[in-house]
*Asks:* 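Pasting a structure below so you can have a look.
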Amino acid sequence: MPDPALVVLIGAAGSGKSTFAATWNPSQVLELDAFRAMVSDEAGDQQATADAVAAMRTVLEARLTRKKTTVIDSTNCERAVRAGLVQAARRHGVPTVAVLMGTPVSLCVIRQTARTPGRAVPADTVRAQHTAATAAFPGLRGEGFDHVVFADQLHRLEPLLQRASD
Ligand code: GTP
Ligand code: MG
């Protein structure tokens with residue numbers, strides 16, 4: 001991956017974005033859930049999304065200005081959301097990397113059951129996110145991403161992640 005880069009993770013809830021993002025330095029990761037929690041005390045408060053996005057974009061601008069590698073940890077399943085991120089990176093001359101999480105939808109849905117009620121995303125929503133993410137894949141280069149990665153070998157990271165959490 002280029003450095004600096006704007007890394008945009010794309011995947012449904014439960015696809016493992018935050019787990020993968022944990023392989024970067026924590027200060028490099030902008031997690032939308034964390035910004036929701038910062039503005040509302042609840043990571044799952046969807047009413048707080050607009051304020052959380054605004055706060056996250058402010059931090060992203062500050063980091064791009066400094067040419068700092070940044071990982072965007074949110075579903076990024078909507079084209080308009082990705083377009084805003086690509087534009088921001090372009091303005092600062094920072095290359096963009098799209099990472100599509102290759103986790104099967106069945107696993108994304110099952111993983112919701114292990115979550116606390118406030119954090120569990122309804123199965124229909126997870127399926128819609130997964131469909132949108134998968135449909136976006138062939139068009140990601142056309143959207144302006146400089147690099148496109150299909151992350152389907154994440155289980156190989158497990159020994160590494162295990163060491164990090166020990
Ligand atoms: P949202 O924040 O809801 O969008 O989900 P997310 O994409 O950030 O998923 P997250 O990283 O929270 O992963 C969901 C669950 O799957 C967690 O309990 C992780 O521990 C687990 N998980 C994620 N990636 C892997 C993996 O590669 N292997 C295994 N065994 N578990 C994983
Ligand atoms: Mg997450």
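These numbers were taken from a predicted model, which means no experiment stands behind them. In listed order, ligands and their atoms are each counted from 1.
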*Asks:* V59, I72: one ILVMFWY side-chain cluster at the under-4.5 Å cut-off?
*Replies:* yes
*Asks:* Give a yes or no on whether the backbone of A136 and the side-chain of E143 come within a donor-acceptor separation of less than 3.5 Å.
*Replies:* no
*Asks:* Could you point out which residue of K68, E61, R63 forms a side chain to side chain contact (heavy atoms under 4.5 Å, CB included) with H92?
*Replies:* E61
*Asks:* With a cut-off of 4.0 Å, which atoms of ligand 1 are near a heavy atom of T19?
*Replies:* 10 (P), 11 (O), 13 (O), 19 (C), 22 (N), 23 (C), 24 (N)
*Asks:* So, taking the atom named CH2 in W24 and the one named OG1 in T69, what distance separates them when rounded to the nearest 0.5 Å?
*Replies:* 9.5 Å
*Asks:* Say whether A12 and ligand 1 are in contact under the criterion: heavy-atom distance to a ligand atom below 4.0 Å.
*Replies:* yes
*Asks:* Report whether L85 and V71 are members of the same hydrophobic cluster (ILVMFWY, side-chain heavy atoms less than 4.5 Å apart, transitive linking).
*Replies:* no
*Asks:* What residue among V29, T103, D73, L9 forms side chain to side chain contact (heavy atoms under 4.5 Å, CB included) with F20?
*Replies:* L9
*Asks:* Measure from atom 9 (O) of ligand 1 to every heavy atom in G16, A120, G11 and give the option owning the shortest one.
*Replies:* G16
*Asks:* Given side chains that start at C-beta, do those of T70 and L30 come closer than 4.5 Å, heavy atoms only?
*Replies:* yes
*Asks:* Judged by non-hydrogen atoms, does S15 sit under 4.0 Å from ligand 1?
*Replies:* yes
*Asks:* Heavy-atom pairs closer than 4.0 Å: do any link ligand 1 to the side chain of K17, the backbone, both, or neither?
*Replies:* both
*Asks:* At a 4.0 Å threshold, what atoms of ligand 1 neighbour a non-hydrogen atom of A13?
*Replies:* 1 (P), 3 (O), 4 (O), 5 (O)
*Asks:* Just heavy atoms, cut-off under 4.0 Å: does S74 contact ligand 1 by side chain, backbone, both, or neither?
*Replies:* neither
*Asks:* Between S18 and E31, is any pair of side-chain heavy atoms under 4.5 Å apart?
*Replies:* yes
*Asks:* Report the residue from V148, V99, L140, T75 that forms a side chain to side chain contact (heavy atoms under 4.5 Å, CB included) with I10.
*Replies:* L140
*Asks:* Anything protein N/O/S under 2.8 Å from the Mg ion (ligand 2)? Just list residue and atom, please.
*Replies:* S18 OG
*Asks:* Going by heavy-atom distance to atom 31 (N) of ligand 1, choose the closest among M101, R111, E31.
*Replies:* R111
*Asks:* Is ligand 1 under 4.0 Å from a heavy atom in the side chain of R115, in the backbone, in both, or in neither?
*Replies:* side chain
*Asks:* V121 versus ligand 1: do any nitrogen or oxygen atoms come within less than 3.5 Å of each other?
*Replies:* no
*Asks:* Do any N or O atoms from the side chain of R127 and from the backbone of V105 form a donor-acceptor pair under 3.5 angstrom?
*Replies:* no
*Asks:* Give yes if a backbone or side-chain nitrogen or oxygen of D73 is under 3.5 Å from a nitrogen or oxygen of ligand 1, and no if not.
*Replies:* no
*Asks:* Should the pair D33-R119 be classified as a salt bridge under the 4.0 Å nitrogen-to-oxygen rule?
*Replies:* yes
*Asks:* Short question: side chain of S74, backbone of L32 - any donor-acceptor pair under 3.5 Å?
*Replies:* no
*Asks:* Within a distance under 4.0 Å of any heavy atom of S18, pick out the atoms of ligand 1 and give their elements.
*Replies:* 2 (O), 6 (P), 8 (O), 11 (O)
*Asks:* With heavy-atom distances below 4.0 Å as the criterion, list the atoms of ligand 1 near D33.
*Replies:* 2 (O)
